[in-house]
Amino acid sequence: MQPTDIRDPGHFHRVVDCQWACPAHTDVPEYIRLIAQGKFTEAYLVNRESNVFPGILGRVCDRPCEPACRRSRVEAEPVAICRLKRVAADHRDDVRPYLPSVPAQKNGKRIACIGAGPASLTVANDLMPLGYEVTIFEKWGTPGGLMRTNIPAFRLPEGVLDEEIGYILDMGVDLRLGSPVTSMERLLAGGEFDAVFVGSGAPKGKDLDLPGRRGPKEVQDHIHIGIDWLESVAFEHVKSIGQRVLIIGVGNTAMDCCRTSLRLGASEVKVMARKPRGFFKASDWELEDAEEENVEIIVNHAPKAFVVEAGRLAGMLFDRMEYDLDADGRILAERVLGEEMIPCDDVILAIGQENAFPWIEDGLGIEFDKWHVPKVDPVTFQSSLPQVFFGGDAAFGPKNIIWAVEHGHQAAISLHKYCQGLPVADRPPPMVTLSSRKMGLHEWSYKNDYNPLERRTMPHVALKERFKKVDIEVELGFTAEQVEIEVQRCMNCDIQTVFDARLCIECDACIDICPMDCLTMTTNAPEEELRSKLKAPALNLDQPLFVSSPLQHTGRVMVKDEDVCVHCSLCAERCPTAAWDMQKSKIQIPYASDEIPPSCLTHKTRKTA
């Protein structure tokens with residue numbers, strides 16, 4: 001194999017598994033170290049550089065970082081990364097003095113954003129400091145999009161939403177509430193804007209057209225589309241529900257629907273799943289919270305019909321299913337064992353949602369595929385009509401908030417380039433910097449002792465208290481003292497083991513002391529052969545190996561399986577020649593502010609926050 005080029009930003013980016021897994025590439029180890037030092041404000045600002053909603057996502061993020069956490073390779077539980085993000089948000093000081101400022105003199109370009117959800121707000125966050133005038137059109141009377149209308153207040157309090165959205169709007173965004181865009185053609189023809197960003201989400205809930213669905217009004221009034229129903233609860237248009245409620249679906253929206261039903265007075269709530277639990281889309285912690293509140297989850301029941309008796313909804317009829325699964329849990333065969341009618345007063349359908357663009361006319365040049373999803377460049381987010389860009393759920397269908405934030409960052413780069421007459425596809429490259437973390441011969445500027453501590457459990461409001469009001473936040477968050485243990489579980493994966501082949505005397509000391517057997521000194525070979533020579537089996541073939549240049553005495557190479565290394569520093573501690581060093585890798589992700597014209601560099605921008 002060729003020697004690994006550690007100047008390639010992608011190599012060390014992939015080694016920091018949590019940051020690699022985060023769609024927004026948040027520098028997780030750095031903000032955890034700052035929390036460990038009690039620097040909550042600094043930790044919040046590091047987080048906010050990539051994730052503009054640390055307080056919001058510290059509560060409701062889907063946490064793609066945690067399954068990737070290297071801690072789970074030596075213990076069962078990853079670091080509570082999402083919880084720690086909330087700690088920084090809860091305990092920070094006033095961050096307004098450190099947020100990007102907006103230049104008094106604008107650059108003459110105007111951007112229209114459709115929908116005041118996380119993608120549009122991120123676009124505004126990135127472009128306002130560059131002198132753009134950003135107008136956000138929002139159909140509701142308050143901003144936030146699905147963050148506000150579809151996530152219940154007992155998980156995401158209104159005050160947290162208002163504060164972090166306010167940081168962006170207070171830059172001077174022209175927010176037009178109660179102003180749905182009903183015609184893209186008229187918006188473009190008005191000539192008010194130089195470019196348009198569509199961040200309207202996926203606002204259409206899927207229906208279930210089974211027998212009985214189109215019954216009389218008395219029946220229709222008790223069958224609800226999940227996201228529409230949550231929206232009505234959020235705006236206090238709905239304040240009650242029947243005693244017996246069935247939720248159809250097993251995603252996170254279903255979990256929000258069942259827990260909200262309990263708070264509106266339901267006494268018996270059942271979540272109905274067509275398949276076994278291994279096929280559920282809901283996050284494990286969402287399922288646990290629902291079951292803690294005595295929601296019953298019934299598997300292997302496929303909905304067959306709405307049962308209407310005497311003109312009223314009486315229940316739902318299900319096929320009872322049985323499945324044959326293979327060793328990997330995949331369904332090989334399914335059988336219907338019989339029917340079962342489960343009585344209920346209300347049914348909530350939470351089986352998915354999709355894009356809807358009835359306000360974008362044909363013939364404008366904006367192309368859609370056969371599912372009416374816009375054809376959008378996956379890198380630039382530009383549509384087939386050059387001045388129109390899409391992001392968030394509106395671009396590629398439902399994902400999650402942190403994906404919408406990343407889409408907003410990327411779209412902001414594209415919008416900026418488009419408005420400045422620059423090639424949209426010419427993206428600013430990521431960069432990496434490495435700096436030693438050694439202070440003395442055996443002193444490191446970070447804590448590298450392994451501490452076998454268990455993941456700390458999030459405290460909750462007592463069960464009997466949480467149903468008194470619909471907006472009582474269930475999770476209490478950690479105190480500053482409670483995080484002292486959890487931050488020690490972070491393995492500092494951004495502190496890399498960096499090897500200098502010129503200094504190696506091939507004494508094998510590093511190999512002897514490595515607790516994971518991730519180091520191998522051997523003759524070079526093609527990758528497949530080299531992997532077969534490793535001391536520990538290379539189980540993850542997706543993560544590249546580190547391969548050194550030839551060693552000076554024997555011509556062999558040092559090979560490190562980056563997937564196995566736990567960054568314990570023992571190799572660097574043991575090495576008598578300092579051929580191994582522990583170095584902080586900082587991945588510099590480009591944003592729209594990295595394209596600032598030289599004339600604007602006097603303005604305080606996001607990079608200074």
Side-chain angles (χ1 to χ4, degrees), residues 204-230 238 240-262 264-284 286-326 329-354 398:
K204 184 180 179 182
K206 291 183 179 178
D207 207 338
L208 199 57
D209 197 10
L210 295 173
R213 178 68 179 96
R214 307 301 167 196
K217 184 175 183 304
E218 288 77 8
V219 173
Q220 298 295 314
D221 288 346
H222 293 273
I223 301 173
H224 317 279
I225 302 295
I227 62 170
D228 297 340
W229 183 77
L230 288 171
V238 169
S240 65
I241 199 165
Q243 288 291 304
R244 302 168 301 174
V245 180
L246 297 183
I247 313 294
I248 310 300
V250 284
N252 288 337
T253 299
M255 297 305 110
D256 287 335
C257 288
C258 66
R259 297 177 70 192
T260 300
S261 297
L262 291 170
L264 295 190
S267 59
E268 181 183 293
V269 179
K270 293 182 170 66
V271 172
M272 307 302 299
R274 177 187 176 90
K275 295 179 181 177
R277 193 166 179 125
F279 293 86
F280 289 8
K281 293 182 178 178
S283 307
D284 289 342
E286 300 251 19
L287 290 165
E288 292 166 4
D289 287 346
E291 291 183 309
E292 181 185 342
E293 296 179 359
N294 296 320
V295 170
E296 185 180 1
I297 298 176
I298 300 177
V299 301
N300 298 353
H301 279 63
K304 190 173 185 179
F306 296 90
V307 179
V308 179
E309 295 177 353
R312 300 183 63 85
L313 181 68
M316 279 199 77
L317 185 65
F318 296 87
D319 279 334
R320 287 188 292 108
M321 308 295 295
E322 183 178 69
Y323 299 93
D324 294 332
L325 306 179
D326 65 13
R330 293 173 296 197
I331 293 176
L332 296 175
E334 62 179 46
R335 290 175 293 281
V336 177
L337 301 181
E339 294 181 346
E340 181 177 353
M341 198 283 266
I342 297 182
C344 67
D345 302 309
D346 288 85
V347 173
I348 301 176
L349 304 174
I351 54 176
Q353 57 199 79
E354 54 195 4

Next on the checklist: For a side-chain contact (heavy atoms from CB on, under 4.5 Å) check, start with the C-alpha distance between Thr253 and Cys257, then their side-chain angles and the critical distance, and finish with the verdict.
Outcome noted: CA-CA 6 Å; Thr253 299; Cys257 288; 4.1 Å; yes
Looking only at heavy atoms, which two atoms of [X] and [Y] are closest? And how far apart?
| X | Y | value |
| --- | --- | --- |
| His222 | Glu218 | CD2-O, 3.0 Å |
| Leu287 | Met255 | CD2-SD, 3.7 Å |
| Arg274 | Met321 | O-CG, 4.2 Å |
| Ser240 | Val238 | O-CG1, 3.6 Å |
| Pro211 | Lys304 | CD-O, 3.5 Å |
| Pro216 | Gly311 | CG-O, 3.9 Å |

Item to check | Working for side-chain contact (heavy atoms from CB on, under 4.5 Å), residues Leu210 and Met316 | outcome: CA-CA 10 Å; Leu210 295 173; Met316 279 199 77; 4.2 Å; yes
Give a yes or no on whether a salt bridge exists between [X] and [Y], defined as a side-chain N under 4.0 angstrom from a carboxylate O.
| X | Y | answer |
| --- | --- | --- |
| Glu268 | Arg244 | no |
| Asp209 | Arg213 | no |
| Arg335 | Asp319 | no |

Item to check | Main-chain N/O of Glu334 paired with Asp324 side-chain donor or acceptor, under 3.5 Å | outcome: no
Checklist entry - Is the backbone N or O of Gly265 less than 3.5 Å from a side-chain atom of Gln243, with the two atoms forming a donor-acceptor pair by type? => result yes
Is the shortest heavy-atom distance from the side chain of [X] to the side chain of [Y] under 4.5 Å?
| X | Y | answer |
| --- | --- | --- |
| Phe279 | Ile331 | yes |
| Cys344 | Phe306 | no |
| Tyr323 | Lys275 | yes |
| Leu230 | Asp256 | yes |
| Phe280 | Asn252 | no |
| Met272 | Ile342 | yes |
| Ile223 | Trp229 | no |
| Val245 | Asp345 | no |

Item to check | Intermediate values then yes/no, salt bridge (Lys or Arg N to Asp or Glu O under 4.0 Å), Lys204 and Asp228 | outcome: CA-CA 8 Å; Lys204 184 180 179 182; Asp228 297 340; over 6 Å; no
Checklist entry - Are more than 12 heavy atoms from other residues, nucleotides or ligands located less than 6.0 Å from atom CZ of Arg320? => result yes
Next on the checklist: Testing the 3.5 Å rule here: is there a donor-acceptor pair between the side chains of Asp346 and His224?
Outcome noted: yes
For residues 293-303, which side-chain N or O atoms pair as donor and acceptor with protein atoms under 3.5 Å away, sequence neighbours left out?
{"from": "Glu293", "atom 1": "OE1", "to": "Arg259", "atom 2": "NE", "distance (Å)": "3.2"}
{"from": "Glu293", "atom 1": "OE1", "to": "Arg263", "atom 2": "NH1", "distance (Å)": "3.0"}
{"from": "Glu293", "atom 1": "OE2", "to": "Arg259", "atom 2": "NE", "distance (Å)": "3.4"}
{"from": "Glu293", "atom 1": "OE2", "to": "Arg259", "atom 2": "NH2", "distance (Å)": "2.9"}
{"from": "Glu293", "atom 1": "OE2", "to": "Arg263", "atom 2": "NH2", "distance (Å)": "2.9"}
{"from": "Glu293", "atom 1": "OE2", "to": "Arg466", "atom 2": "NH1", "distance (Å)": "2.9"}
{"from": "His301", "atom 1": "ND1", "to": "Val299", "atom 2": "O", "distance (Å)": "2.8"}
{"from": "His301", "atom 1": "NE2", "to": "Glu340", "atom 2": "OE1", "distance (Å)": "2.8"}

Checklist entry - SG/Cys258 to CD/Glu291 distance, rounded to the nearest 0.5 angstrom? => result 9.5 Å
Item to check | Inter-residue atom distance Leu349.CG - Leu208.CG, 0.5 Å rounding | outcome: 5.5 Å
Checklist entry - Can you check side-chain contact (heavy atoms from CB on, under 4.5 Å) on Asp289 and Glu286, steps first, answer last? => result CA-CA 5 Å; Asp289 287 346; Glu286 300 251 19; 5.9 Å; no
Item to check | Stepwise side-chain contact (heavy atoms from CB on, under 4.5 Å) check, Ile348 with Ile248 | outcome: CA-CA 6 Å; Ile348 301 176; Ile248 310 300; over 6 Å; no
